[in-house]
Amino acid sequence: MAEFMADYVVVGAGSAGCVVAARLSETGAKVLLLEAGPRDWHPMIHIPAGILKLLYNPRVNWNYTAEPEPSTGNRPIHFPRGKVLGGSSSINGMFYVRGNPADYDGWAQMGCRGWTFDDVLPMFRKSERYMSGGDPEFRGQDGPLQVEDYRTILPLTHRFVEAAQQAGFPLTKDYNGKTQEGVGYAQMTRLGRFRASTARTFLRAAAHRDNLQVLTGAPATKLLFEGRRCVGVAFRRGGKTEKALAAREVILCGGSINSPQLLQISGVGPAEHLKSIGVEVVLDAPGVGANMIDHYTARITHRVKDLISINQLSRGPRLMGELVKFVTRGNGALTFGVTSATIFCRSREGLASPDLQLLFTPASYDQNRFGQLEYKSGMTVAVCPTRPDSRGSVMAKSADPFEYPAIAPGYLTAESDLDVMLSGIKKVRHIFAQSPLAQHSLGETLPTEAVASDTDLIEFCRRGGTSLYHQVGTCRMGEDPGAVVDSRLRLRGLQGLRVVDASIMPTLTTGNTNAPSIMIGEKAAAMIREDVRA
């Protein structure tokens, strides 16, 4: 059995894992980074509009499926997760959203010491290089992660922003700056015309360091313990089991599905469940796999007239023209992400911060073919309650590391989430009724104007909604007995092991989760370096 030695073994080269590995390698420490998937060779990874070709691609995608549940019409819901260098930052929509300051202050109020917005803001600033400058109090200029405004904005997106303002939502020029609330144009993690994954930013900046070794095609199969100390990881490569031993720490960065599963099959999790699947218990940790939270969304679609949408740009001569723009000028439709503008707002009066995100796409999707655009021109707004009360779980089905876990998201099991969703749908319909959009609409095609009562709208949400792929919380951070990791992301009750990914979030952030995951990687690396010096 081949055996590798390092100071730090990082499991998972995703949004947080690449950051941790790159930052720790700056210290001269020997770092080994394990990634289950391949290198990011697939050309569609690097073309922003190529996301539609990645959402089901098994070469770069775990392609998980949530268990059918009554609250969502007993449908199996697809969960794409990156299985490639860069993880989900290599297959996502590249939408850069930090969240609301109240999110992080809320974590601190829950007992997560050192996680207020004032604590995490320096990490956000350290990681990014915002190409539009912005307020230096909030935005960074020197980090590896390049963040850009849209290079090409379709008139249809401008009309949405105008309609939103007419409907009463103020324009915010930088929702990652001083004020999140309002309507604004999307920002993207992009390197010029190409995608800026953490593999192409943080990891590439560290590639010249001899003390950083990256192994791809190396799925972890078990954490190795000596008593209550994690000493390494077993993994498969080339059909053989190999071993990586850590002199200092193992850092688990598998994400909100892989991290709890690996902990459970290694003996760390709810004791009774582990025994039921034939796993010897190392630590009874009931919180491992619990508290799963995700953004669930319902989409409102209109047919478009008199303006161009992505549907028309994605085929025929227009597509060839967009390809020429991409190659010669680095702009056009091939540089688009999924969301071109967004609104952060409150579902009702009396809330301290926004609990709704409305995401605009100048395109419409075929309801019978996942990830495919309709032939006819359309526009879509996704309605997303950002702070859902519903909770689910991720539980290993067996001790086999290659059998996918049972994912039970529990969407819409809290009545409060339905209230927020209904409020969001009504707000979106009000925006579509404003003249800048109304003059370009041939009518609502999903769910259609005939679906008008709250009862019918709830049924539409249950049977037609889907995930925004923002799963968090399955290795919750905190200082209470039910928390999985402490405020420094150390596995409670064990030594030599930390979890560093979106699974540690105690609650969801207000918006997309890639930027917060990168911040978690930055903060974890800083804490680990502090602990070494202490």
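Counting non-hydrogen atoms of other residues, nucleotides and ligands closer than 6.0 Å to CZ of R315 gives a total above 12. By the neighbour-count criterion of 12 heavy atoms within 6.0 Å, atom NZ of K173 is sparsely surrounded, having that number or fewer from other residues, nucleotides or ligands. More than 12 non-hydrogen atoms from other residues, nucleotides or ligands lie less than 6.0 angstrom from NZ of K397.
S416 and D419 form no side-chain donor-acceptor contact under 3.5 Å, judged by distance and modelled atom types alone. With hydrogens and angles left out, the side-chain atoms of E479 and S487 include a donor and acceptor closer than 3.5 Å. There is a side-chain donor-acceptor pair under 3.5 Å between N514 and S15. Defined by atom type and a distance below 3.5 Å, a donor-acceptor pair is present between the side-chain atoms of D294 and Y411. S377 and N311 share no side-chain donor-acceptor pair at under 3.5 Å. One side chain, D456 or S453, offers a donor N or O that lies under 3.5 Å from an acceptor on the other. In the model, D149 has a side-chain atom that pairs as donor or acceptor with a side-chain atom of S132 under 3.5 Å. Counted by atom type alone, D501 and S503 present one or more donor-acceptor pairs between their side chains at under 3.5 Å. R391 and T413 are not linked by any side-chain donor-acceptor pair at a separation below 3.5 angstrom, with hydrogens and angles left out of the test.
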Audit row: F138, F124, ring-ring contact (aromatic ring centres under 6.0 Å, His included) steps and yes/no
CA-CA 8 Å; F138 294 93; F124 280 119; over 10 Å; no
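Here the shortest heavy-atom pairing between S467 and F79 reads CB-CE1, 3.9 Å.
Once rounded to the nearest 0.5 Å, the distance linking OG of S390 with CG of L412 reads 6.0 Å.
When each of T386, T510, N512 is checked for a side chain to side chain donor-acceptor pair (under 3.5 Å) with Q357, only N512 meets the rule. With respect to P385, the side-chain contact (heavy atoms from CB on, under 4.5 Å) criterion is satisfied by exactly one of V420, L508, L422: V420. Of the residues listed (R98, Q146, Q187), the one engaging E128 in a side chain to side chain donor-acceptor pair (under 3.5 Å) is R98, and it is the only one.
Note on R462 versus E459: no salt bridge recorded, every NZ/NE/NH1/NH2 to OD/OE distance being 4.0 Å or above. Classification of R429 and E444 as a salt-bridged pair holds, one side-chain N sitting under 4.0 Å from a carboxylate O. Comment: E137 does not engage K178 in a salt bridge, judged by the lack of any side-chain N to carboxylate O separation of less than 4.0 angstrom. Between E148 and R193 there is no salt bridge, since no side-chain N of the basic residue sits under 4.0 Å from a carboxylate O of the acidic one. Residues R346 and D355 are not paired through a salt bridge, judged by the lack of any N-O separation under 4.0 Å between the basic side chain and the carboxylate.
The distance between the ring centers of F336 and Y150 falls below 6.0 angstrom. Ring centroid separation for the pair H46 and F194 does not come in under the 6.0 Å cut-off.
The main-chain N or O of V161 is found under 3.5 Å from a side-chain atom of Q165 such that the two form a donor-acceptor pair. Side-chain atoms of N63 come within 3.5 Å of backbone atoms of Y56 as a donor-acceptor pair (strictly under, hydrogens ignored). Using modelled atom types, no side-chain atom of E181 and backbone atom of F344 make a donor-acceptor pair closer than 3.5 Å. In terms of modelled atom types and a separation under 3.5 Å, the side chain of S340 and the main chain of T157 share no donor-acceptor contact.
Here the side chains of M505 and M477 are not in contact, with every heavy-atom distance at 4.5 Å or above. Contact check for L263 versus L252: side-chain heavy atoms found under the 4.5 Å cut-off. No side-chain heavy atom of V19 sits less than 4.5 Å from a side-chain heavy atom of S127. At a threshold of 4.5 Å between non-hydrogen side-chain atoms, the residues T297 and T466 count as touching.
Classified by interplanar angle (parallel below 30°, tilted 30° to 60°, perpendicular above 60°), the ring pair F432/H302 is parallel.
Because its NZ or CZ atom is not both nearer than 6.0 Å to the ring centre of Y64 and within 45° of the ring axis, R81 does not count as a cation-pi partner of that residue.
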